[in-house]
Participant: 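One structure coming up, written as structure tokens, with questions to follow.
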Amino acid sequence: MLELNFIRANKSRVIQGLKIKNFSEEDLQIVEEILSLDDTRKEVQTELDSLLAERNQLSKTIGDLMKAGKRAEAESQRERVGQLKEQAAKLEDSLKDTKVQLEELLLKVPNIPHESVPPGATPEDNEVYKAWASPLPELSSDALPHWELAQKYNIFDLELGVKLTGSGFPVYRGKGAKLERALISFFLDEATRAGFEEVIPPLMVNEDTARATGQLPDKEGQMYYVERDNLYLIPTAEVPVTNIYRDVILDAADFPVKMTAYTPCFRREAGSYGAHVRGLNRVHQFDKVEIVVLQHPDKSYETLQEMLAHVSGLLDKLELPYRILRLCGGDMSFTSALTFDFEVFSAAQKRWLEVSSVSNFETYQSNRMKLRFRDGKATRLAHTLNGSALALARVVAALLENNQTPEGIVIPKVLRDYTGFELLN
RNA sequence: GGAGGAGUGGCAGAGUGGUUUAAUGCACCGGUCUUGAAAACCGACGUACUGAAAGGUACCGGGGGUUCGAAUCCCUCCUCCUCCGCCA
């Protein structure tokens, strides 16, 4: 959520930003609506405050009169307070209404894109920030896509998942399960080495938590919901991990706060089936190691670069061809100011698969979350950032396809200590 | 799941209807003293909204209510503690 003061002070920049996010002229009216609603809020608030001030004063007087035994005088004051209360109740209702309306409008305003964000509406408009310089791997014509390799080597079984749960819930088996666990351990160890504190968060969160990072109300349909207990299954570790610092005031010296977590991620991904989501390309449950950073506003873009370097390092070590995209305004998430996507080339499908999304949210999440730091006497909102490092399912897909040989699938060197085997066959 | 108890500032802890403007202690910060430090003493010491400022308002786990007036009384939800039951 954008800060009201920010909108007020940077109106033209906000409008400019919303245009990059493809707001129509009509939709842009929301900025004026918000500001005028906030004016109303201030007026009502001031009026209410002065009524309450008078009431407090009178109540004190009544107390004194009662003590002094001047009952009759106290009675007459009481009537006056009665009137004040009626007025105050009306104002309170109206203030509440105004605040609710204001909140609703503010929730409709996405984050303002960073100045480097290219305009555009679809993934085609994303900018290739860093291309893959070497030639892409070419496989022989009988190369198999990963879902067929999965059958051949008994790595994972989606049909079995259907039996147990439903479509999109893979069952990893044997060396496939071990490969999965190896990747998780490798990613966590790399993150730890880079100074991230490992945490194991809950996999279900309450409404407050889901709202603070922006999943509610924007992406309600994306999450699995446990109605009986009013809990949401996390779509990413970002949600519980960032919320560790909800309602916290940090010292400037605490920056950067760096955390990493492995969790399964649950996404409903309603309504898309077909060739492009076969196998592990898109599933309802997948494993992911996430990195989260809380940073001083002056340093968050520096940190974003460090996160890109970290993710690049992982893919280099796994020897997977990848490219980095800078997302255009239309393809960026609601809450992000700048997002880089990592895509890995899956050689049998001859497709780029998204395996990581690294974003700076600036103060958009921290405002909802009331995550602040002390800056001299003042408190200011911190910047929050996060990125996948990495999302497992698609990494596995690319790894299986790219490394297939007639003898089996060659395990990258960095993983061999973790898997305990060099060849998956 | 059953019975009982409890939630107050960074921490400890007082406060059961009216100078609570939340006592007191500890911690932290600034100052005096000191070669330096400690001790002692003095001062400051929550968050948010509003206002040019002075000031005003709200917040004692969350929400609602009673009252002229609520940290204090009532309802409800949440969390924690103790005991019992169940359990990896």
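Order of the sequence lines fixes the chain letters, A, B, ..., with proteins taken first and strands second; residue numbering starts at 1 for each chain. These values consider heavy atoms only, across backbone and side chains, with no hydrogens, waters or symmetry-generated copies.
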Participant: Rounded to whole angstrom, note down the P distance from rG25(B) over to rA14(B).
Facilitator: 15 Å
Participant: From the list rU50(B), rA58(B), rG18(B), which nucleotide is the closest neighbour of the side chain of Arg55(A)?
Facilitator: rA58(B)
Participant: Give none if rA53(B) has no partner; otherwise give the nucleotide forming a Watson-Crick or G-U wobble pair with it, both distances under 3.5 Å.
Facilitator: none
Participant: Whole angstrom is fine here: how far is it from CG in Leu4(A) over to P in rC49(B)?
Facilitator: 10 Å
Participant: For Lys90(A), is there an ion pair with Asp93(A) - N to carboxylate O distance below 4.0 angstrom?
Facilitator: no
Participant: Report yes if a side-chain nitrogen or oxygen of Asn56(A) is closer than 4.0 Å to either non-bridging phosphate oxygen (OP1 or OP2) of rU57(B); otherwise report no.
Facilitator: yes
Participant: Are any of Thr379(A)'s side-chain N or O atoms less than 4.0 Å away from OP1 or OP2 of rA48(B)?
Facilitator: yes
Participant: Across all strands, who's sitting opposite rU24(B) as a Watson-Crick or G-U wobble pair, both distances under 3.5 Å?
Facilitator: rA12(B)
Participant: So that I can tick it off, tell me whether Lys108(A) and Glu104(A) are bridged by a salt bridge, with the cut-off set at under 4.0 angstrom between side-chain N and carboxylate O.
Facilitator: no
Participant: Mind checking the C1' distance from rU66(B) to rU50(B)? Whole angstroms is fine.
Facilitator: 29 Å
Participant: rC74(B) and rG18(B): how far apart are their P atoms, nearest whole angstrom?
Facilitator: 16 Å
Participant: Give one of base, sugar-phosphate or nothing for Gln45(A), where a contact means two heavy atoms less than 4.0 Å apart.
Facilitator: sugar-phosphate
Participant: Is there a side-chain polar atom (N or O) of Arg372(A) under 4.0 Å from OP1 or OP2 of rG46(B)?
Facilitator: no
Participant: Does the ring of Phe334(A) carry Lys219(A) above it, NZ/CZ under 6.0 angstrom from centre and within 45° of its axis?
Facilitator: no
Participant: Over all strands shown, is Leu52(A) touching base, sugar-phosphate only, or nothing at heavy-atom distances under 4.0 angstrom?
Facilitator: sugar-phosphate
Participant: To the side chain of Ala53(A), which of rU57(B), rU47(B), rC68(B) is closest?
Facilitator: rU57(B)
Participant: In whole Å, what separates the P atom of rG7(B) from that of rU16(B)?
Facilitator: 13 Å
Participant: Using the C1' atom on both, measure rG4(B) against rG85(B) and round to a whole Å.
Facilitator: 15 Å
Participant: Taking only the P atom of each, what is the distance from rC28(B) to rA40(B) in whole angstrom?
Facilitator: 13 Å
Participant: What integer number of Å spans the P atoms of rA71(B) and rA22(B)?
Facilitator: 11 Å
Participant: Output yes when at least one side-chain N/O atom of Lys85(A) is less than 4.0 Å from OP1 or OP2 of rU67(B), else no.
Facilitator: no
Participant: Looking at Asp375(A) and Arg380(A), is there a salt bridge between them, counting it only when a charged N and a carboxylate O are closer than 4.0 Å?
Facilitator: yes
Participant: Looking at every strand, decide which applies to Arg80(A) at a 4.0 Å heavy-atom threshold: base, sugar-phosphate, or nothing.
Facilitator: nothing
Participant: Under 4.0 Å between a side-chain nitrogen and a carboxylate oxygen: does that hold for Glu54(A) and Arg80(A)?
Facilitator: yes
Participant: Rounding to an integer number of angstrom, what distance separates rU8(B) and rU72(B) when you compare their C1' atoms?
Facilitator: 11 Å
Participant: Taking CG from Leu250(A) and P from rU47(B), how many angstroms apart are they, rounded to a whole number?
Facilitator: 14 Å
